[in-house]
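Data first, discussion second: the structure below is written as structure tokens.
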Amino acid sequence: MVSIDVLNSEEIIKELCLCNGVNYDRIRQDGPATKTLEMFFSGFPKMVGLFYFPNLTNLTLVGQSIERICNLKSCPLLEELWVTECLLTRIEGLQDCQHLKKLFLYHNSITTIEGLENLNKLEVVWLNDNEIDVIEGLDTLLNLKELNLAGNLIHSIGICLDPNVHLERLNLSGNKISSFKSTVMKKLMYYNMRAKTISRQLREELEKLKDLKIKLEQTPKDRIKRLIFHRKILEENLSDLQASKKYRQYISKPHDHIQQQSAIAESNSSEKEESNRSDSDLKEQICQKLCTLKERIQFWTEKMDEIDSLHEKEVARTEQSFDLLAQFLQTELETVGNVRFEEGTPSDSWFKSCYDLILSRFCASNFKTFGITGVKINRIVRVHNRILRFRFEERLQDYLDNEDGTAAEDYKKTLEYLFYNLDPVISVKKNNLLQILEDGFTVTKNSQLYDQEQEESVLLSNSLGFYETSKLEQETNEEANHYDPELFKHGKLIISKVFLGHNVQAQQFLPIKLANYPDANSVFRPLKSNSSTLCSSDDEMCPSKELQPCDCSLRRGDWFVFDADLVLPEYIVEYEYITQGVSNMTCSPSSITAGEFSNEIKLDEDLIAMEPVIKPRPKIIALDERTILSIAKANMYSQITILNLHGNSLSKLKEISKLHGLHKLIISFNEFTSLEDVSCLPNLEYLDASHNHLISLEGFKGLGKLKHLDLSWNELTKTMDEINVLRRHAAHLLTLNVTHNPWQKPALVRMVVIGRLKSLTRLDGLLVTKEEVSESSKFSTGVRITQALLQISARTDHIRPRCLSLLPSAQIISQISKNCLDPYAEFNNSWYHMITSVNLVGQNLSRITNLEKLENLRWVSFSNNHLSRIEGLENCVKIEELCLDGNCITKLEGLSKLVNLRHLSINNNQLTSFDKGVIDNLSHLHFLSVENNRINSLAGLQKAQSLIELYLSNNQISNTQEIYTLKGLNNIVILDLHSNPISLNHDNYRLFVIFHLSPLKALDGSAVPYLMHVLCHCRSVDLVPADHFKSVHAVNLENNNLTSFSGLIFLSHVKSLYLNYNHIESILPRQKSQNHLTNRQILHQKVNSSGYGQQGKNNRDTLFGESLSPIMQSLEVLHLGFNGISNLQQLQLGRLKSLKSLFLQGNEISQVEGLECLQYLQELVLDHNRIKMISETSFAKQSSLVSLRMEENRLRDVNNLHPLVKLKKLFIGFNKIQDISEVEKLEALPTLLELSISGNPITRKMFHRQLIVLRLQNLQILDGIAVTSEERARAEMHFLEQQTLSGQNSSIEVVHPVSTLFLNKAPPLRVTNVYLPGGNHHHIPGPDLYLNNAQDDIFPNESNKHKKTKHHGGVMNNPRSVNAEIAFRQFKGGTSISSTYLQQGSQNRAAHLQGSNLEHEGRCAN
């Protein structure tokens, strides 16, 4: 008998076959050919019958009652398995599926990750929505690329995923993970942020040095400009003098065709001789003065060179100092926090103790001989090395354990702080500074002493500068008075905690090593005192500020410690010596100008006053024919070959294009910003455009004969762009001067120019050497990415090294990876496909080329090149990290296809914005650094949902509204906006940003305290004492839970208050309701006829009305949008007497009330509420209102707007206004200029725009489109034509509209041909179109008789409204107006139309 289980299994297999199109009767024949089986939500409660499908590769079981995985042994080829939304409790039965690549077991009840150890080919595992609490059992899955563990009970990650080196996608959302502090990503983010902060601090220090340099150079620059100005004028005078002399010699020569007149001979000879002598004297004076001017210019140029040299030294020192801090960070990261560095501030107690220790160990009298008067501490960094400290304490304890009790008790007496002086000439790397701080001191045989060998010990000193004085004394002894104190001005030392133990004094001529001092832990050697530096004094150490004689040198000496473990480095100190004189960048610019330069300035002025004195002349501001001929002293343009326009105020060169014979042009000391006007001078050979305001050479072209060009003292910045212009349009230049321009990369200017301009012989006044030509050849066309360059810079690593480094991945791989390309391999497609990393830093690239075949490229760096755009990466879609720092890129175009990009760094470029749509395509981007650019807007980042780190420091973001762009970035953790105008000029900037970007954990390099986030969700605000907030002018508390203004009412100086998205009910907290009212009191409240009811009404008016005292009298702007407000009276807005702008959009207001006291209100926003009507009291006292917004309400009419006599803008779109007559009511608003009615039923009616334009003659903008005078005229003529056509068929003709009070109703207007503006007639196909509109009652009553009178009065007194009245009556189905009357008024209407058009044009012009 067949068992029930067999029968059930057979039914299950039949259901399986039915769902997958397999014939059950032929299952044994067709089963092996089946590769995919699927069952959804029913019919397969257990895994049976799979042995019929031995070649199965894909099995999908969704929504079944399966409790365990089994019977897969017969499916060894299975590659993809889905058992989801079932009843699994454990992972089992997969040991035979060796080919399995994808496993989906989500939405079960699995508690443990197990049974996957042998599945080596597994790439995708989905175990989300289970009950897993620990990540385990995955360490053998080396090919795992995607892991989904979302929706489980996991608490921590730890290092369980470290073996999964190929893991690309990890989903851990919806777990119970509380901290990622132990993960590498967290550490990298933290230290990267700190590195950015150090870079920013370095940039700020360099900016200070740059500003100081500019101030120091200001006087020399001013003097040079003034002297050059006079020099050029003298050169012009000398040239004119020589020209006039040649002319006189020319006219005095006898000519063959002219007979010499005998009457002229003797009378003019004496005059010529006297004139020649005068010219000769003048020429000599000019030459002498020119020579002296050149000497003075040279003097000031040398001063500028000195300042430049000093600036470069300070910059190098500053960069070295901050580079050391960056190396400290790297050491912290690599040691995982076992070594930490803490920079001290004067507020730290240890900082002051260390500072005092240094000063106590410095004796000024010992340095007096070398011109050093004091010492200045620049930085103290505390070293926390847990390993070295443990080693020190362990070694000390071992020593004490071997000593007797007395020695053990007195060991603190032999603890000392000693100095390890670093050689200032040797770099940090060669000094092994980082190695000492990380690994401790090592015993060495290299001595730093000048006369004794050190062996097997650590050399230390008990005084500051012991090493420097030793060196200086040695130099002084070798060569008398020959030393450079500047060489030792800046220094570093390590302050170490040392256990001296048993110490002895060194014996003369006995080498210091442990064999010679077997019982000593350390040896002391006193300083060899020099008689010139020692004086008698007390036994005290000399303070640094006192220079009295002392015996400090007797106590100074060096220590030799034999056990390096007993020397613990604790502090690193940067200091500088204060020297005599003013030779450093820290001196005051004003003191230098007043002291050193005062005499020099006087010499310059005396020189300028020398003969010949240059007389001031009027400056030319524009050129014309007469002026040009006068300056050139010519009669026609064809005679002019030289034109000198030096020292004027010209910005354009009009008429210059007519000077076809011009060879030399001087336009120095003018106001030119471009040179496009000279492009029409093809014969020009000499051009002097120095001392102008040139910002670009764009437009400079067609000067193929130009030989000499002076562009010095301008404002050119883009090196490559400007030189390329010269290369294309002035390729034959012989001399060029581009000095004193703010080039972006000044160090490369000379090489770039020489490399691009091959014919150049002199640059910036210096001859171009053959060596420079050879060296700069690589700049001629720019370095290209060749196969040879790729072979050097490319790597083939498939995995990013697990290296704790802050460098870009491409640089890390190029430094540590040995997976280089085979130099002997054939260059084919497979060769290119192997490349995954390319490091092309500092290769002078001008374009990105030849990377099309690098389809597997993942990490690439193009930093510090000359790239102006991003190109050539379209095929490299697998790039994950791209570094483009230090280029000249202006746009992000070229990145759109890099959909896998995760890390983008483009610092130090010329970006001004984020190109629209580029960032949108980078859906995986989580790191973006755009520091030191010109970004002024954050538009374009709205969809960067994956962004975690965003660095934007030192840009031009100034508007706080830009922060709203980032509100949708829910994953952003780090944001840096430091050195932007938004962070410098806005009060409460930090609170504002943190409030709007709640996910932030760090802002501008510092952590966001938890309290800041708490403040962003407050329910009340208490400001005590209020005096501390007097300077607050704007408060933003949006997106909170405030119910009233609470403590904000005490901010008497606040002008703007932002309270959108709260729960504001009233300005002050509402009083609690009285729960114990008597029946009589309740009755009085309910009965309106009683006197108590009227009293209650008065009390309500008192509560919300004018009698309440005003508060916040400085408040002008109030935002209360989206607060759920339904009653305006309860808000008590009448107490805000000075309010000018009120925003109440997005509430539940149904009635406009409670605004009576806001008499200064100018802007009111009531959009998106529930307002159905405007009552008589709504705007009764808003005579100052200029703008009113009531869009997206329920208005059917626009009554009671007549009190708004100053209203200019009215927005009532998206309401329920359907009667065209409502527009007539707006005629009561004489100042209305802009109207919006879009979205109302009225806008579906034909000709509504033309009708409104006719009615509202002052209207300038309708529905966002400007109303022109032409449109108004066409609308009037259009309705005039329509009325004429319809009047011919009218049964009743009215002679004059005023003579008849009762008008017959005209039949509905049937439109078959529409006369559109512009005169074209368009036939409307299909059935006739009838315009049946509601008509006002023609019989006068109390409600409409005034309106009728007003309309007729308008026809009589205002000719412009005749056609409008006609149009409205016809549109509404009213009477026809006779053509007789139309002809009578045509002249008046035409005259008024012309005047109206002129008036409108005048308004537009204004």
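Heavy atoms only: backbone and side chains are in, while hydrogens, waters and symmetry mates are out.
When all heavy atoms of D323 and Q327 are compared, the pair lying nearest together is OD2-NE2, 2.7 Å. Counting all heavy atoms, side chain and backbone alike, N192 lies closest to E949 at ND2-OE1, 3.6 Å. Taking every heavy atom of both residues into account, I387 and N338 meet most closely at CD1-CB, 4.4 Å. Minimum interatomic distance between V918 and L892 (heavy atoms only, all atoms of both residues): CG1-O, 3.6 Å. Annotation for V838 and A810: closest pair O-CB, 3.5 Å, computed over non-hydrogen atoms. Closest approach of L922 to L895, counting heavy atoms only: CD2-O, 3.3 Å.
The side-chain tip of R340 does not point at the ring of F328 from less than 6.0 angstrom away and within 45° of straight on.
For the atom pair I695 CD1 and L716 CG, the distance stands at 9.0 Å (nearest 0.5 Å). For the atom pair CD of E722 and CG of N741, the computed distance is 9.0 Å after rounding to the nearest 0.5 Å. Here L898 contributes atom CG and L904 contributes atom CG; the two are 9.0 Å apart, rounded to the nearest 0.5 Å. The NE2 atom of H798 sits 12.0 Å away from atom OG of S837, with the distance rounded to the nearest 0.5 Å. Atom-to-atom distance recorded for S905:OG and Y951:OH is 10.5 Å, nearest 0.5 angstrom. For the atom pair CD of E314 and CG of L206, the computed distance is 11.0 Å after rounding to the nearest 0.5 Å.
In this structure, a donor-acceptor pair under 3.5 Å is present between the side chains of R203 and S953. Between the side chains of H866 and N844, at least one donor N or O sits under 3.5 Å from an acceptor N or O. A donor-acceptor contact closer than 3.5 angstrom links the side chains of Y832 and Q787. Between N932 and N954, the side chains place a donor N or O and an acceptor N or O closer than 3.5 Å (distance only, hydrogens not considered). A side-chain donor-acceptor contact under 3.5 Å links S929 and N907.
Remark: side-chain polar atoms of W743 are paired, donor with acceptor, to backbone N or O of V738 under 3.5 angstrom. Between the S946 side chain and the S923 main chain, a donor and an acceptor come within less than 3.5 Å of each other. Between the D797 side chain and the I799 main chain, no donor and acceptor come within less than 3.5 Å of each other. The backbone N or O of D885 sits less than 3.5 Å from a side-chain atom of N887, completing a donor-acceptor pair. Checking side-chain atoms of N955 against main-chain N and O of R934 turns up a donor-acceptor pair under 3.5 Å. Remark: side-chain polar atoms of S1006 are not paired, donor with acceptor, to backbone N or O of A1002 under 3.5 angstrom. When atom types are taken as modelled, the side chain of D915 and the backbone of E893 share a donor-acceptor pair closer than 3.5 angstrom. Of the possible donor and acceptor atoms, none in the side chain of N936 sits under 3.5 Å from a partner among the backbone N and O of Q956. With R750 contributing its side chain and L763 its backbone, the two residues share a donor-acceptor pair below 3.5 Å. With hydrogens and angles ignored, the 3.5 Å screen pairs a side-chain donor or acceptor of S199 with a backbone N or O of A195.
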- Query: After noting the C-alpha distance and the side-chain angles of I948 and I972, does the key distance pass the side chain to side chain contact (heavy atoms under 4.5 Å, CB included) rule?
  - Reply: CA-CA 4 Å; I948 299 175; I972 191 166; over 6 Å; no
- Message: Quick one, Q910 with I889, criterion side chain to side chain contact (heavy atoms under 4.5 Å, CB included). Give me CA distance, side-chain angles, the key distance, then yes/no.
- Response: CA-CA 6 Å; Q910 301 171 25; I889 298 170; over 6 Å; no
- Item | Chi angles and distances behind the side chain to side chain contact (heavy atoms under 4.5 Å, CB included) call for S805, Q330 | CA-CA 7 Å; S805 176; Q330 183 64 41; 3.8 Å; yes
- Message: The test is side chain to side chain contact (heavy atoms under 4.5 Å, CB included); show your working for L952 and E931 and say whether it passes.
- Response: CA-CA 5 Å; L952 292 163; E931 297 181 311; over 6 Å; no
- Query: Is there a salt bridge (charged side-chain N to carboxylate O under 4.0 Å, His left out) between R858 and E881 once you walk through the steps?
  - Reply: CA-CA 7 Å; R858 297 175 61 187; E881 183 174 327; over 6 Å; no
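Taking a cutoff of 4.0 Å between a charged side-chain nitrogen and a carboxylate oxygen, R200 and D976 qualify as a salt bridge.
With a 6.0 Å radius and a threshold of 12 heavy atoms from other residues, nucleotides or ligands, K145 has its NZ atom at or below the threshold. The neighbour count for K196 NZ, taken as heavy atoms of other residues, nucleotides or ligands under 6.0 Å away, is above 12. Environment of CD in E334: crowded, with over 12 heavy atoms of neighbouring residues, nucleotides or ligands closer than 6.0 Å.
Paired with N839 under the rule side chain to side chain donor-acceptor pair (under 3.5 Å), one option of S809, S814, S863 passes, and it is S814. For the pairing with I935, the side-chain contact (heavy atoms from CB on, under 4.5 Å) check across T912, N980, L911 returns one residue only, L911.
A heavy-atom distance below 4.5 Å is not found between the side chains of R869 and T890. In this structure, Q320 and E574 have side chains that are not in contact, with every pair of non-hydrogen atoms separated by 4.5 Å or more. No side-chain heavy atom of L857 sits under 4.5 Å from any side-chain heavy atom of T836. With a 4.5 Å cut-off on side-chain heavy atoms, K1001 and I974 do not count as touching. Side chains of L138 and L147 form a contact here, defined as non-hydrogen atoms less than 4.5 Å apart. In this structure the side chain of N900 never reaches within 4.5 angstrom of the side chain of I879, judged on heavy atoms. Between L867 and L884, the closest side-chain pair of non-hydrogen atoms falls below 4.5 Å. At least one side-chain heavy atom of L851 sits less than 4.5 Å from a side-chain heavy atom of I848.
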